[in-house]
Chemist: 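Sharing a structure here in structure tokens format.
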Amino acid sequence: MTFEEIYAVVRRIPQGTVATYGQIAGLAGIPRQARRIGYALSALEGQAELTVPWHRVINAKGTISRRSTPGFEALQRLLLENEGVSFDAAGRIDLARFLWRPSVDRSTRRRQSIKVR
DNA sequence: CCGGTGACGCGCG
DNA sequence: GCGCGCGCCACCG
């Protein structure tokens with residue numbers, strides 16, 4: 001599993017939604033290895049940084065993860081709010097409302113119960 | 001080889 | 001809800 005493959009999954013996250021590190025790991029074929037997603041994203045730079053929506057990846061608690069270098073958390077929050085993702089008083093995102101539900105193929109979609117608000 | 005360190009996650013008390 | 005411990009794994013000194 002290369003960084004590029006991980007970035008490919010992150011690029012599928014739609015604007016206005018978020019995904020968790022663990023969720024991305026699963027979709028990328030490396031379940032239970034959420035830490036590697038954070039590692040891959042921390043390595044973002046140059047062109048990739050502009051084409052990978054890294055700000056849409058948050059932790060399972062629905063909050064923005066602490067970074068070694070502070071400041072980026074505020075930026076991430078701004079980028080998310082700019083595309084319609086809202087935070088509660090505790091700085092938490094309502095995952096029931098904003099978590100990305102990737103749709104797969106037609107047959108699978110038929111078995112999924114679509115819940116919209 | 002060993003231990004410490006992360007943009008993590010989950011179960012338990 | 002909040003800590004803690006543990007699992008996980010690439011990297012680094």
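Atom set for the values below is all heavy atoms of this structure, side chains included, hydrogens, waters and symmetry mates excluded. A, B, ... follow the sequence lines: proteins, then strands. Residue 1 opens every chain.
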Chemist: Residues two or more places apart in sequence or in another chain: which of them pass salt bridge (charged side-chain N to carboxylate O under 4.0 Å, His left out) with R67(A)?
Modeler: none
Chemist: Can you see which heavy atom on S65(A) is nearest to which on N59(A), and at what distance?
Modeler: OG-ND2, 3.1 Å
Chemist: Do any of residues 35-42 of chain A sit with a heavy atom less than 4.0 Å from DNA chain C, and if so which?
Modeler: R35(A), R36(A), Y39(A)
Chemist: Along DNA chain C, 5' to 3', what are the outermost nucleotides having an atom less than 4.0 Å from a heavy atom of chain A?
Modeler: dG1(C) to dC11(C)
Chemist: Output every pair passing ring pair (Phe, Tyr, Trp, His ring centres under 6.0 Å) with a member in residues 27-53 of chain A, not counting sequence neighbours, ordered by first then second residue.
Modeler: F3(A)-Y39(A)
Chemist: Report the distance from atom CH2 of W54(A) to atom P of dC8(B), rounded to the nearest whole Å.
Modeler: 14 Å
Chemist: Please list, chain by chain and in numerical order, all residues satisfying side-chain hydrogen bond (donor to acceptor under 3.5 Å, both in side chains) with S86(A), sequence neighbours excluded.
Modeler: R97(A)
Chemist: Taking DNA chain B as the partner, which of residues 13-32 of chain A come within under 4.0 angstrom of it by heavy atom?
Modeler: T20(A), Y21(A), G22(A)
Chemist: Output the rest of the hydrophobic cluster of L95(A): all Ile, Leu, Val, Met, Phe, Trp and Tyr residues reachable through side-chain heavy-atom contacts under 4.5 Å, sorted by chain and number.
Modeler: V18(A), I58(A), I64(A), L80(A), V85(A), F87(A), I93(A), F98(A), L99(A)
Chemist: How long is the span from the CD1 atom in I24(A) to the CZ atom in R56(A), to the nearest 0.5 Å?
Modeler: 11.0 Å
Chemist: How does DNA chain C look in dot-bracket notation if pairs are Watson-Crick or G-U with both distances under 3.5 Å, crossing ones as [ ], other-strand ones as |?
Modeler: .||||||.|||||
Chemist: So if I take residues 57-78 of chain A and measure heavy-atom distances to DNA chain B, which residues fall below 4.0 Å?
Modeler: N59(A), A60(A), S65(A), R66(A), R67(A), S68(A)
Chemist: Tell me which pairs pass ring pair (Phe, Tyr, Trp, His ring centres under 6.0 Å) where either residue lies in residues 42-64 of chain A, with sequence neighbours left out.
Modeler: none
Chemist: What interatomic distance, in whole Å, is found between P of dC12(B) and the corresponding atom of dC8(C)?
Modeler: 16 Å
Chemist: With side-chain hydrogen bond (donor to acceptor under 3.5 Å, both in side chains) as the rule and sequence neighbours excluded, what pairs involving residues 20-38 of chain A come up?
Modeler: Q33(A)-R36(A)
Chemist: Do NZ/NE/NH1/NH2 and the carboxylate oxygens of R77(A) and E81(A) come within less than 4.0 Å?
Modeler: yes
Chemist: Just distance, no hydrogens or angles: give the donor-acceptor pairs under 3.5 Å from side chains in residues 5-12 of chain A, sequence neighbours left out.
Modeler:
from: E5(A); atom 1: OE1; to: T2(A); atom 2: N; distance (Å): 2.7
from: E5(A); atom 1: OE1; to: T2(A); atom 2: OG1; distance (Å): 3.3
from: Y7(A); atom 1: OH; to: A40(A); atom 2: O; distance (Å): 2.7
from: R11(A); atom 1: NH1; to: T51(A); atom 2: OG1; distance (Å): 3.1
from: R11(A); atom 1: NH2; to: E4(A); atom 2: OE1; distance (Å): 3.0

Chemist: Need to verify one output field. Residue with the more 5' nearest nucleotide on DNA chain C, R92(A) or F3(A)?
Modeler: R92(A)
Chemist: Examine distances only and state if a side-chain atom of Q76(A) and a backbone atom of V57(A) form a donor-acceptor pair shorter than 3.5 Å.
Modeler: yes
